[in-house]
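Working notes for the structure below.
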Amino acid sequence: MAIEIIATGRAVPPRRLTNDDLAKRIDTNDEWIRSHTGIRARHIADDSTACSDLALEAAKDTLSRAIETGAVGEKTPEELALTVDLILLASSTQDYYGHPATACLVQDKLGAPNAAAMDITVACSGFIYGLETAAGLLEINAKRRRALVIGSDILSRITDWTDRASCVLFGDGAGAVLLEKTAAPSEGEGRRGLVRSILAADGSGAGHLMLRRGGSREPFKAGEVVDIPPHIDMDGQAVYYFAVKAVTDTIKNLLKEDGIAIDDVDIIIPHQANARIVQAAAKRAGIPEEKFYLNIDEYANTSSASIPIALDELARDGKLKRGNLIMTVGFGAGLTYGGNLIVW
Ligand code: UT7
């Protein structure tokens with residue numbers, strides 16, 4: 001069997017916050033942000049929008065796209081939603097603390113009553129972990145055929161807007177893919193779909209990127225006055241060095257395990273955290289920067305959504321051809337990292 005991406009979709013809030021807009025609120029400037037991160041703007045959800053709202057929009061976009069392109073036999077998104085067997089939603093900014101899983105809220109609003117639904121919490125590596133998890137769950141049970149994997153994050157809600165070293169980095173968005181289990185390629189046809197993944201973690205670095213308050217370790221107490229809402233607490237330099245190594249190692253290991261050379265890969269879609277991380281990893285691995293797709297200038301770091309948003313942009317712009325070999329690579333809180341190899 002093969003596990004193929006048959007459609008992609010995305011949802012990005014319309015409100016755009018530029019570096020100059022930020023510079024009016026905190027001590028920063030466009031030149032610093034661009035030269036240190038490659039970011040020019042980010043999109044910010046309005047107060048009434050939660051993670052499930054963006055996720056639902058991205059999921060609906062994906063189902064509509066599957067119908068438009070003739071990737072499925074169903075005639076309407078509603079009919080198609082009934083055939084979805086699994087919804088995996090990667091996020092760090094779920095609608096509710098702990099439970100219910102945001103994937104369940106999406107399952108209900110999408111009209112996908114036949115889908116099992118769960119969240120994946122590995123921060124920015126969530127989509128990479130999600131693809132491999134969904135593939136495994138489709139493969140293990142003959143009854144499951146289709147899965148939606150969604151990355152949705154509203155990082156603006158867990159950002160400390162007074163901390164210039166971190167608040168300039170983040171944005172909001174969602175991206176999704178529809179996976180389908182198809183017959184194994186016949187001899188001579190070549191590979192299709194998700195062919196290999198690396199999922200990894202280094203929990204010793206957990207403290208470098210953390211939402212400290214609100215969990216069972218440091219719960220809020222009755223009567224406590226909180227000066228600042230729960231927010232991302234980050235050691236930027238530690239994450240930077242970890243990220244460059246994680247990206248370089250993942251690329252090398254994916255190539256080695258698959259027995260291929262970098263020239264066999266058509267495009268690398270990295271997690272969009274900082275363009276400088278990608279440039280440093282490219283240099284260290286001896287890979288031309290042009291091999292990496294970057295859209296961080298427009299969206300900043302949208303965490304679990306960054307890779308599926310990029311994938312959807314590439315797919316819709318006609319930049320992915322059937323048979324192309326795509327590599328994803330990412331890292332995030334945990335610390336987690338990994339990558340996927342996908343034949344389009
Ligand atoms: O998904 C994972 C999420 N996190 C990441 O990917 C973060 C990874 N880390 C990074 O991307 C980088 O470490 C940062 C972008 C966060 C910081 O870049 P840096 O080149 O490591 O800067 P720095 O922290 O060493 O700061 C250099 C200077 C400092 O000033 P002094 O002490 O040299 O006078 C900072 O105060 O830049 C200053 N600075 C700023 N200046 C203007 C820090 N943030 C800003 C800012 N605007 N927004």
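Counting begins at 1 with the first residue of the sequence. Both ligands and their constituent atoms are indexed starting at 1 by order of listing.
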*Passes side chain to side chain donor-acceptor pair (under 3.5 Å), His99 versus Gln94? Steps please.*
CA-CA 9 Å; His99 53 246; Gln94 291 89 344; over 6 Å; no
_Stepwise salt bridge (Lys or Arg N to Asp or Glu O under 4.0 Å) test for Arg316 and Asp312_ = CA-CA 6 Å; Arg316 298 216 185 202; Asp312 184 56; 2.9 Å; yes
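The nearest protein atom to atom 6 (O) of ligand 1, hydrogens excluded, is given as Ala273 CB, 3.5 Å; this is a heavy-atom distance. Considering only non-hydrogen protein atoms, atom 48 (N) of ligand 1 sits nearest to Arg164 O, 2.9 Å. Nearest to atom 47 (N) of ligand 1 among the protein's heavy atoms is Thr28 OG1, 2.6 Å. The protein non-hydrogen atom at the shortest distance from atom 10 (C) of ligand 1 is Asn274 ND2, 3.7 Å. Gly236 O, 2.9 Å is the protein heavy atom nearest to atom 9 (N) of ligand 1. When hydrogens are left out, the protein atom nearest atom 4 (N) of ligand 1 is Met234 SD, 3.3 Å; that is the closest non-hydrogen contact. Regarding atom 25 (O) of ligand 1, its nearest protein heavy-atom neighbour is Gln237 NE2, 3.0 Å. Residue, atom and distance of the protein heavy atom nearest to atom 26 (O) of ligand 1 are Trp32 CZ2, 4.3 Å.
Against a heavy-atom cut-off of under 4.0 Å, His271 is close to the following atoms of ligand 1: 1 (O). Set against the non-hydrogen atoms of Ala165, the atoms of ligand 1 under 4.0 Å away are 16 (C), 44 (N). Each of the following atoms of ligand 1 lies closer than 4.0 Å to a heavy atom of Val168: 48 (N). Shown in contact with Asn301 at under 4.0 Å from a heavy atom are these atoms of ligand 1, numbered in order with element: 1 (O), 2 (C), 3 (C). Taking every non-hydrogen atom of Arg276 and a distance limit under 4.0 Å, the qualifying atoms of ligand 1 come out as 20 (O).
The aromatic ring centroids of Phe331 and His271 lie less than 6.0 Å from each other.
Of the N or O atoms in Asn29, none lie within a sub-3.5 Å distance of an N or O in ligand 1.
Ligand 1 has no atom lying under 4.0 Å from any heavy atom of Ala243. Note on ligand 1: Cys124 sits in its first shell, one or more heavy atoms being nearer than 4.0 Å.
Enclosure of atom OH in Tyr241 is not indicated, since only 12 or fewer non-hydrogen atoms of other residues, nucleotides or ligands lie within 6.0 angstrom. Counting heavy atoms of neighbouring residues, nucleotides and ligands inside a 6.0 Å radius, atom CD1 of Ile140 does not exceed 12 of them.
Put simply, the side chain of Arg284 does not reach to within 4.5 Å of the side chain of Lys252, judged on heavy atoms. You'll find the side chain of Ile154 stays beyond 4.5 Å of the side chain of Ile44, heavy atoms only. Looking only at side-chain heavy atoms (C-beta outward), Asp233 and Leu211 stay at 4.5 Å or farther from each other. Taking 4.5 Å as the limit, some side-chain heavy atom of Ile309 sits within range of a side-chain heavy atom of Val12.
Applying the salt bridge (charged side-chain N to carboxylate O under 4.0 Å, His left out) definition to pairs two or more places apart or across chains, those involving residues 144-158 are Glu74-Arg146, Arg145-Glu180, Arg146-Glu180. Annotation: side-chain hydrogen bond (donor to acceptor under 3.5 Å, both in side chains) contacts involving residues 183-192, sequence neighbours excluded, comprise Glu4-Arg192, Thr182-Arg192, Ser186-Glu189, Glu189-Arg192, Arg191-Asp258.
With a 4.0 Å heavy-atom cut-off, ligand 1 is reached by no atom of Ile26.
Distance check on atom 33 (O) of ligand 1: every protein heavy atom falls at or beyond the 4.0 Å cut-off. For atom 29 (C) of ligand 1, the nearest protein heavy atom is 4.0 Å or more away. For atom 36 (O) of ligand 1, a protein non-hydrogen atom is found at a distance below 4.0 Å. Proximity of atom 14 (C) of ligand 1 to the protein is not indicated, since no non-hydrogen protein atom lies closer than 4.0 angstrom.
Side-chain contact, Tyr293 with Gln272: no donor N or O sits under 3.5 Å from an acceptor N or O.
Considering Arg40, Glu31, Arg42, Arg34 as possible partners of Asn19, the one that fulfils the side chain to side chain donor-acceptor pair (under 3.5 Å) test is Arg42.
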